[in-house]
Structure formats: C-alpha cells, structure tokens
J.: 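Let me begin by handing over the structure; questions about it come next.
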Amino acid sequence: MTQGFSTRALHAGAAPDPVTGSRAQPIHQTSSFVFKDAEHASKLFALQEFGDIYTRIGNPTTGALEARIADLEGGTMGLATASGHAAQLLAFHVLMEPGAKIVAAKQLYGGSINQLGHAFKKFGWEVEFVDIGDHAAVEAAIDDKTRVIFTESLANPGGIVTDIAAIAAIAEKHGVVYVVDNTMASPYLCRPLEHGAHVVVHSLTKFIGGHGNSIGGMLVDGGRFDWKAHADKYPTMATPQSFYNDLVFADGFGALPLGPEGQEVDIAFAIAARAFSLRDLGPALSPFNAFMIMTGCETLPLRMAKHCENATTVATYLEGHEKVSWVRYAGLAGDDYHALAQKYCPNGAGAVFTFGLKGGHEAGVKLVESVELLSHLANIGDTRSLIIHPSSTTHSQLSDAQKTAAGAAPDTVRLSVGIEDAADIIADLEQALAKL
Ligand SMILES: *Cc1c(COP(=O)(O)O)cnc(C)c1O
C-alpha cells in the first residue's frame, strides 16, 4: 500500500546513511565524485550507468530532494535547479526550438511573464498570453508552432484556480505538452499530474522550502507524454543526439524498470533536462540549499494546513471590514473560483490572496507602511505573514489600465498568510486599517 502524504513528505527519497548511520540527509558538499575505475567513468559519461560525476549535473543530497518531490507529485523523476525560474528555463529548453511557441496563461507570476515575454525572445521562443479561464481562447491560440501550454495551478497574484483537466484535454487533443507551475499550491494541495498535466515545475523557494531562507526549483517528469508519436515537434526527445553517440532520449529512458515493483517507467524528459539542458546551461541547486529545502518539506503538510486555515480566517475578517471593498480568495464559499478550488485543492485554497481597499492606491501605501507583524516584501510562501501593494512596487511601471488587467489595480493588496496565531495577524491588520 502506498504510504500517506505526510509519511512520504518525511521519508520519500531518503534513508539512514548506509556508511555513517546519519539519520538526517547528509549534505554532500563536494563538487565532484571519484570514479571506481576507467570503465565506470566511461559508462557514467555515456549515460549507460546512473551515478554522480559533478555537482552541476547531480549530487546525492539534491538527488534525495528530487526523489522526494517527484514522489509527492506522483511523477517518475525530479530534477532540482537553482531557482524556480531555472526549472522553467530547463523545461522549455528541452521542449522548444527557435520559432516555436508557448501558449501561456495571462495570469502568471510577474517574474514568469517577464521570463517568457522578454528573456525567452532572445532564444527565438514566441509566447502568446491568454486568459486561462477562457478555454476557447486557449485552444484558438494553438497553432503548428505551439509546443507547450503553460499555466499555474493556483495562479498569482492569488485567488484564481486553473481548470487543469480542461486545459490538459486541449493539450492532449493537439498533441502538445502541458506544463504546470504548482508553486502556489504545493503537492499537498494539488497534484497537476493526476489531472492530466505532463510536467510540473516548482519554485521550492516558496511553500515547499517554506521558511523564506533558500532559493531553489524543481521540475517533475510525469512520464506520460508519447514523444515518439510527436517526434517532429520534440526533436530533443525523439531524434538522435550527436553529443551522446546518437542516443534518442525517448528510446533510452522511455521504459526503464524503476517502478516500486519493477514496472517500466518513462523518465526520458527528466534525463534530457539533466543530461542536456542542466549540464550545458548550468543552473544547478547547491547541496546546502537542497538540505534546507528538504528539512522544510518535512513539515509541508502541517504548514499548509495551518496556512490555509489562517488564510480563511483572515479573508473572512477582511470581507467584513468597512474599509475593504472586495476579497478574492477561492477558499471563501461565495468566491467565483470556489467550485474549482474544491475540485483541485480539496485540502484548502492556499494562503495567497488579494483584497481591495476603498481608499485606493494611497490607502494601499499607508497600509503596508502601518503593519508591524506583517513583513512588507516581494515574496510568498514564508512561514511569516507577508504583505505587498503591487501598484506601488511590482507593478508600479504600468499604467492604471495595465495594472487592472494584471489583477494589480491601484486598490489591490496581496497577502501571503503565515502560520502565526490568526488573532495576531488580524490584530496587526486591524491597527493598520484603523490608520487609513
Ligand atoms: C517565485 C515564483 C517563481 C520563480 O521562482 P524563483 O525561485 O524565485 O526563481 C515562479 N512561479 C511562481 C508561481 C512563483 O511564486
């Protein structure tokens, strides 16, 4: 029988160290690994045997974290990266070619909008942003050049839930890969691979690490995409790669007997992302950060439950406040996204949401300057409660119309509710709201 989520969050991918008996995962703070002999070395380099060579490509500490997150997401293999953005870069590097196109949700983390909309342009990768709630628009945006659909599960700036199964059905119909950024939900709340996504990416910096102390990322291979059937679209996966003696990743790693009972699993995407994209582009996670994030991951279920409980309490309080005009949190019964949240995130709708102040831009500035317990900063998913007024910070470059279109209208405040006592979070908001 498969173990429960909390047990796996503690144990998956790690065991007492066979040499020293160390119970915690040791930090293998080394750049490289000694070969047993020349034959061992040559097999490792030719991908004929798994093992560590050099920490840019793999390391036992990051390997333990990779196995744990892949297990929690229900994927076949994970690949740790230096940041969430690095995980996105590597996933797209495997899937895209110059001139190819990404169909992406308009409702993405602002950093991802920049990455896809600006930085990726230099690779010749095109992107079309669409409203993720408009499934007809998603389908209409797909053309012969499209290789990827990219959405978040719970979408930034908060309060939006993607209908993952509906988007997955569109991806399936058109034979394109569906990549989901599951950062805001974490696998405790939502597992996109179970709803038909092909690949999951994470910023481990947020809820999985959970303590606001380490940057990291992960991509997880769902092992379900038929690369050979779409070889013309995904040459990196399904055509011979000259830098590995003409190896075809989908052939070499598409059916390895690595399942719990020796079942064949497909890890070809994760291997390509490591052996080609990570090896050559280089954004590896440090073993120390892998250790910090793994320690955080052990309490993910406890923290997420408390984050969601507090978020619901705080959102309910704000809904009843005279200076607040609206609250957008899918955990509230009256919210537009409540039904989707119950389908995809039955254990809670996350801890990040937005609300509007009747006093507009000025009130938003005053509020973030008046809080004492809450931290005014640009992050989410810390144990501590965080607040930001997008109109005066992350979105300050935009016109009011652009701000509103991005879900960051001048009156909008975003909270990432922490795991303090809810009464103290409310007391701090109460005293700050009183100053408006
Ligand atoms: C923070 C974040 C990212 C980027 O992650 P980094 O670790 O900061 O590179 C991507 N997606 C979402 C939803 C995020 O919140």
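These numbers come from the heavy atoms of this one structure, side chains and all, not from hydrogens, waters or symmetry mates. Indexing begins at 1, ligand by ligand and atom by atom, following the structure's order.
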J.: Which ligand 1 atoms does G216 reach within 4.0 Å, using its non-hydrogen atoms?
T.: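 Near G216, meaning under 4.0 Å from one of its heavy atoms, ligand 1 has 7 (O).
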
J.: Using a 4.0 Å cut-off to any heavy atom of I380, which atoms of ligand 1 qualify?
T.: 15 (O)

J.: Quick check on H202 - does any of its heavy atoms sit under 4.0 Å from an atom of ligand 1?
T.: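 The answer is no, since H202 has no heavy atom less than 4.0 Å from ligand 1.
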
J.: Give, for atom CG of L72 and atom NE2 of H202, the distance between the pair rounded to the nearest 0.5 Å.
T.: 8.5 Å

J.: Can you label the angle between the F225 ring and the Y234 ring as parallel, tilted or perpendicular, going by 30° and 60°?
T.: perpendicular

J.: Decide, yes or no, whether a salt bridge links R224 with E172 under the criterion of side-chain N to carboxylate O below 4.0 Å.
T.: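 Salt bridge flag = yes for E172 with R224.
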
J.: What's the shortest distance from atom 14 (C) of ligand 1 to any protein heavy atom, and which residue and atom give it?
T.: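 Scanning the protein heavy atoms, the shortest distance from atom 14 (C) of ligand 1 goes to K206 NZ, 2.9 Å.
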
J.: Mark up the atoms of ligand 1 that fall under 4.0 Å of a heavy atom belonging to Q88, in ascending order.
T.: 10 (C), 11 (N)

J.: What do we get for L108 next to ligand 1 when only non-hydrogen atoms under 4.0 Å count, side chain, backbone, both or neither?
T.: neither

J.: Strictly below 4.0 Å, N to O, side chains only: are K101 and D143 in salt-bridge contact?
T.: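 Looking at K101 and D143, the cut-off is met.
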
J.: From the options P283, G381, G209, G84, select the one whose nearest heavy atom is closest to atom 6 (P) of ligand 1.
T.: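 Looking at heavy atoms only, G84 sits closest to atom 6 (P) of ligand 1.
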
J.: For ligand 1, which is the ligand I care about here, please tell me if H85 has any N or O atom under 3.5 Å from one of the ligand's N or O atoms.
T.: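 Yes; the residue has a nitrogen or oxygen that sits under 3.5 Å from a nitrogen or oxygen of the ligand.
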
J.: Taking NZ, NE, NH1 and NH2 as the nitrogens, is one of them in K366 or E369 under 4.0 Å from a carboxylate oxygen of the other?
T.: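 A salt bridge is absent here (no side-chain N lies under 4.0 Å from a carboxylate O).
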
J.: Hey, is K121 close enough to E126 for a salt bridge, meaning N to O under 4.0 Å?
T.: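 A salt bridge is absent here (no side-chain N lies under 4.0 Å from a carboxylate O).
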
J.: Kindly confirm or rule out an N or O of D181 lying under 3.5 angstrom from an N or O of ligand 1.
T.: yes

J.: Would you check whether A87 reaches within less than 4.0 Å of ligand 1, judged by its heavy atoms?
T.: no

J.: Taking the basic N atoms (NZ, or NE/NH1/NH2) and the acidic carboxylate oxygens, is any pair closer than 4.0 Å for D71 and R8?
T.: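 Yes.
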
